[in-house]
Amino acid sequence: MEAVEVDGLRIAYQRVGQGPPLVLFHGAGEDSRVWRPQLEGLSDGFTVFAWDAPGCGGSDDPAPDMSAGELGAITAGFLRAAVPAKPHLVGLSWGSMVVLELYRGAPELPASLVLASAYAGWAGSLPPEEVERRYAQVEAEIGQPPEKFIDEWLPTLFTDKADPAVVAEASRIMADVRPAGMRALLSASGRADYRPVLPTISIPTLLLYGADDQRSPLHVAHELHRQIQGSKLAVIPDAGHVAQLEAPDAFNTEVRNFLHGIAG
């Protein structure tokens, strides 16, 4: 792992490969290890960066009341410190909110966006009662031993066809979740609404979803597609919320084709 200091926090990240910079932002309760198939599979054509968000993996814990704006500033600082040129950004699930917050504050930084299993924030994509249910669920789980709730999460992340070894890999990563990290990420993003950002996006954008995603269903994908002018929507068959793990070859192919298409 490499690291940079941003706003007094150590932000750790993985970097592999050579080529145009491609930066990966993981979901909540995870860290950069969930991008193993992309670090392996896309590094032949890109310099692939995968950060550990504040409070996750090898990165320092932020303040528990971290705001969305503070998260966006940390993200922008990370890109400026660690990543050369204008990178392509991939945000998965909660990581898509990180990318949208970054774009809201610093739209000049990215060259393109891949929003995978994405939301316009929970409040921007889900009914109010579902937002509050999810917020309360995560809040109740903070500080509990991860083994008490991981088995409840896994069926919402994968289809029942997923490779058990891959599900076990995700479980091991989630077992390392830190209460301080989840508290800060919930504070920053738990009730975020990025609908006002979507029509402002003017760079190439790919929306990438598993066809059987339970947490961010396809109606969410179609609404983002409608709001982001010129965006491309790609759906991976027989994959759930963490399609980058469940269907890595299809996921990588969609990302590669999209990036090659805008480069050409």
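Remember, it's a predicted structure, so these values are computed and weren't measured experimentally.
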Output for pair (Phe149 CZ, Leu154 CG), nearest 0.5 Å, gives 10.5 Å
Gln229, CD: over 12 other non-hydrogen atoms inside 6.0 angstrom: no
Between Arg191 and Trp122, is NZ or CZ placed under 6.0 angstrom from the six-membered ring centre and within 45° of the ring axis? no
Assess whether a salt bridge exists between Arg172 and Glu169, defined as any Lys/Arg side-chain N lying under 4.0 Å from an Asp/Glu carboxylate O. no
When rounded to the nearest 0.5 Å, the distance separating CG of Leu100 from CG of Leu115 is 5.5 Å
Residues Asp61 and Arg183 bridged, charged N to O under 4.0 Å: no
Evaluate the side-chain hydrogen bond (donor to acceptor under 3.5 Å, both in side chains) criterion for residues Ser32 and Asp52: first the C-alpha distance (whole Å), next the side-chain angles of each, then the deciding distance (0.1 Å), finally the verdict. CA-CA 5 Å; Ser32 60; Asp52 286 346; 2.8 Å; yes
Does Leu79 reach the side chain of Val23, with side-chain heavy atoms less than 4.5 Å apart? yes
Atom pair OG1/NZ of Thr205 and Lys232 - distance to nearest 0.5 Å: 12.5 Å
About how many Å separate CG of Leu208 and CG of Leu92, when rounded to the nearest 0.5 Å? 9.5 Å
Can you confirm if the aromatic rings of Tyr194 and Tyr103 lie within a centre distance of less than 6.0 Å? no
Answer yes when Arg15 and Glu2 have at least one side-chain N-carboxylate O distance shorter than 4.0 Å, and no when they do not. yes
Take atom CD in Glu108; do more than 12 heavy atoms of anything else shown fall under 6.0 Å from it? yes
Checking Phe25, Tyr13, Trp35 against Trp51 for ring pair (Phe, Tyr, Trp, His ring centres under 6.0 Å), the one that qualifies is Phe25
With the threshold set at 4.0 Å, does a side-chain nitrogen-carboxylate oxygen contact exist between Arg134 and Glu130? yes
Examine distances only and state if a side-chain atom of Gln214 and a backbone atom of His241 form a donor-acceptor pair shorter than 3.5 Å. no
Under the side-chain hydrogen bond (donor to acceptor under 3.5 Å, both in side chains) criterion, do Glu246 and Thr159 qualify, and how do the steps go? CA-CA 8 Å; Glu246 186 167 2; Thr159 71; 2.4 Å; yes
Distance from Ile228 atom CD1 to Leu206 atom CG, nearest 0.5 Å? 10.0 Å
Exactly one candidate in Thr75, Leu109, Val6, Val4 meets side chain to side chain contact (heavy atoms under 4.5 Å, CB included) with Arg80; the answer is Leu109
Side chain proximity check, Cys56 to His26, heavy atoms < 4.5 angstrom: yes
Lys/Arg N to Asp/Glu carboxylate O, Arg256 vs Asp44, below 4.0 Å: yes
